[in-house]
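Quick notes on the structure that follows.
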Amino acid sequence: MLQAAYIAQNRDAVVAGLQKKNFKDTDKVDQIIAIDEKRRKVKFDLDELLSQQNSIAKEIGQLFAQGKRDEADALKGKAPLLKEQSRELQEQLEALELEQYELLVTLPNLPHSSVPSGKTPEENEVVKQVGTIPTMASTAKPHWELLEQFGIVDLALGTKITGAGFPVYLGKGARLQRALVNFFLDEAIAAGYKEVNPPLMVNTDTAFGTGQLPDKEGQMYHATEDNYYLIPTAEVPVTNIHRDDILAEGDLPIRYCAYSPCFRREAGSYGKDVRGLNRVHQFEKVEIVQFQIPEKSYETLEGMVSHVERILQKLELPYRILRLCGGDMSFSSALTYDFEVYSAAQQRWLEVSSVSNFETFQSNRMKIRYKGNEDKKTQLVHTLNGSALALPRIVAALLENNQTAEGTVLLPKVLHSYTGFEVIG
RNA sequence: GGAGAGAUGGCAGAGCGGUCGAAUGCGGCGGUCUUGAAAACCGUUGGCUGUUAAAGGCCCGGGGGUUCGAAUCCCUCUCUCUCCGCCA
């Protein structure tokens, strides 16, 4: 959520930023500024009235203490009018605050200056591409065929037990999941991230804090009896660890990594690109999260990108990094790098990670602040997170890209000690 | 699930309806002393809003109410603790 004061002071830059993000209703910016002015005026008048009431009450108290009952009773008569007026202003203020808030939450974050303009995924900027794209034999199969052939993931069984998009991992498939999770966690821990094992259900405050509510309510599974939401990513509970905290600059950066299952309804995304493990409702992921001072957050972002790169290199997968254009970025991000892995049999790039700097967009919602070493000023931290990594598409790419002439799949060396086997099939 | 107790500043812990943003202790910060440190002593030490700065306003788990005036009274919700029951 952007801050009203910032918008008022940087009106033109805000409008330009929103346009870059392909946000249409830039009129809202001026509305917010106008409401803010009105709001401050009402607040000022209200405070003045409250101040008067306070002093009357105080005076009455003193008169009573001096035994001057009559004077005190006389003063009491002045209160009702003030009270009525202030009640009115109070209502106005609340209405204005609500109105302003409702506008504010509809504004996406502003893009960083390095974000390319553009509206569609085709306009994302390819920052780099690493590894060679394997040329597959004509017998190469897409992963959904391999899953079935090897018996390592049963999608139909998941449908029977739960519904479409809830894969059942079996035998080597299950062990590969566990191996990847451990590998990713070990990499993160070695890079200085503290491991967190968070709740998989969160309350509304938490879901609001990272921006899932109100914008993406329909994308989360909702346990209505207790009003909890199943997490769509560990980012949600982990970033909320520091909700309402005031950290010390010396504590930053704070780095967390967390393994968790992720639950996504993916409402509305039926039909294409959903075969096999390409898009599922439940999957596993290791997430990395950082809290950093504003001056260093982009440096930190680059560090997170390098971390993900290292993992992909160790997995020997060809990948490319995209800097998302304004129109393709998420609502709350200021700069996002997407990682895509080339899936040889599908002959397409699969998104396996998304690493973003949210600047103060999330921290403003969550009131995550820090106190400076020097100036002792309290200000909002920058939050960042990224997948390192999400499993299903990694599994898909590993299977498809490492097919041998004999029809088996060779796992990359780095995983052998984790899986306890080297070949599937 | 049943019964009871409670929720106050970073922590602990006071707080007859009136001058309480809140005693006191600990912790933190600054200083005196010391070669340095500890101890002792002195001072200081919440957040939000607002302003050039102030003044002012709001915050004692959340919400609502009574009152000229609420941390203190009432209602309600949430959470925590103790005992019982159940249980991986």
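We name chains A, B, ... by the order of the sequence lines, and we start the count at 1 in each one. Keep in mind that this is a model prediction, so the values were computed, not measured.
- Sorted by first and then second residue, the side-chain hydrogen bond (donor to acceptor under 3.5 Å, both in side chains) pairs involving residues 10-25 of chain A (not counting sequence neighbours) are A/R11-A/D30.
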## Note on the structure
Nucleotide by nucleotide, nucleotides 45-52 of chain B touches protein heavy atoms under 4.0 Å in the pattern (B base, S sugar-phosphate only, - none) --SSSSS-
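- To the nearest whole angstrom, the two P atoms, one in B/rG46 and one in B/rG25, are 16 Å apart.
- Within the structure, side-chain hydrogen bond (donor to acceptor under 3.5 Å, both in side chains) contacts touching residues 199-209 of chain A (residues at least two apart or in different chains) are A/N203-A/T206, A/T206-A/R243.
- Nucleotides B/rU44 and B/rC60, compared at atom P, are 26 Å apart to the nearest Å.
- Of the P atoms belonging to B/rG31 and B/rC83, the separation is 49 Å, rounded to the nearest Å.
- Residues passing the side chain to side chain donor-acceptor pair (under 3.5 Å) test with A/K43, sequence neighbours excluded: A/D47.
- Pair check for B/rG4 finds B/rC81; Watson-Crick or G-U wobble, both atom distances under 3.5 Å.
- Across all strands shown, B/rG17 forms no Watson-Crick or G-U wobble pair with both key distances under 3.5 Å.
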Kindly list each side-chain donor-acceptor pair under 3.5 angstrom involving residues 168-181 of chain A, sequence neighbours excluded, with atom names and distances?
from	atom 1	to	atom 2	distance (Å)
A/K172	NZ	A/V423	O	2.9
A/R175	NH2	A/T419	O	3.3
A/Q177	NE2	A/E284	OE2	3.0

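- By the 30° and 60° cut-offs, the orientation of the rings of A/H307 relative to A/Y193 is tilted.
- Separating the CD atom of A/E48 from the P atom of B/rG57 is a distance of 9 Å, rounded to the nearest angstrom.
- Atom CD1 of residue A/I288 and atom CG of residue A/L185 lie 11.5 Å apart, to the nearest 0.5 angstrom.
- Applying the side-chain hydrogen bond (donor to acceptor under 3.5 Å, both in side chains) definition to pairs two or more places apart or across chains, those involving residues 179-189 of chain A are A/D186-A/Y418, A/E187-A/K314.
- Look at the P atom in both B/rC20 and B/rA70: the space between them is 15 Å, to the nearest Å.
- Residues satisfying the side chain to side chain donor-acceptor pair (under 3.5 Å) test with A/E235, not counting sequence neighbours, are A/Q362, A/N385.
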Which pairs of donor and acceptor atoms, one on a side chain in residues 100-110 of chain A, lie under 3.5 Å apart (sequence neighbours left out)?
from	atom 1	to	atom 2	distance (Å)
A/Q100	NE2	A/D36	OD1	2.9
A/T106	OG1	A/K28	NZ	3.1
A/T106	OG1	A/L103	O	2.5
A/N109	ND2	A/S332	O	3.0
A/N109	ND2	A/F358	O	3.1

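- Listed by chain and residue number, nothing satisfies the salt bridge (charged side-chain N to carboxylate O under 4.0 Å, His left out) test with A/D154 (two or more places apart in sequence, or in another chain).
- Pair assignment for B/rC86: none, as no Watson-Crick or G-U wobble contacts are both less than 3.5 Å.
- Of the C1' atoms belonging to B/rG15 and B/rA53, the separation is 35 Å, rounded to the nearest Å.
- Annotation: ring-ring contact (aromatic ring centres under 6.0 Å, His included) contacts of A/Y259 (sequence neighbours excluded): none.
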Listing time: all N or O pairs from protein to nucleotides 67-72 of chain B that are below 3.5 Å?
from	atom 1	to	atom 2	distance (Å)
B/rG69	OP1	A/K83	NZ	3.1

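- B/rA71 and B/rC81 have their P atoms separated by 28 Å, with the value rounded to a whole Å.
- There is no side-chain donor-acceptor pair under 3.5 Å between A/Q292 and A/H382.
- Pair check for B/rA70 finds none; no Watson-Crick or G-U wobble contact set falls under 3.5 Å.
- B/rG21 sits 12 Å from B/rG56 when the P atoms are compared, rounded to a whole Å.
- For B/rU35, there is no paired nucleotide, since no Watson-Crick or G-U wobble pair has both relevant distances below 3.5 Å.
- Judged by Watson-Crick or G-U wobble contacts below 3.5 Å, the nucleotide B/rC60 has no partner.
- The aromatic rings of A/F166 and A/Y221 lie tilted to each other, with the angle between the two planes from 30° to 60°.
- As judged by a 4.0 angstrom heavy-atom cut-off over every strand, A/D73 is placed among residues making no nucleic acid contact.
- Shown here, B/rG43 forms a base pair with B/rC29; the pair counts as Watson-Crick or G-U wobble because both key distances fall under 3.5 Å.
- If you check B/rA55 for Watson-Crick or wobble pairing at under 3.5 angstrom, you find it has no partner at all.
- Residues from residues 85-104 of chain A lying near RNA chain B, meaning a heavy-atom separation below 4.0 Å, are absent.
- Taking atom C1' on both nucleotides, B/rA22 is separated from B/rG13 by 13 Å, rounded to a whole Å.
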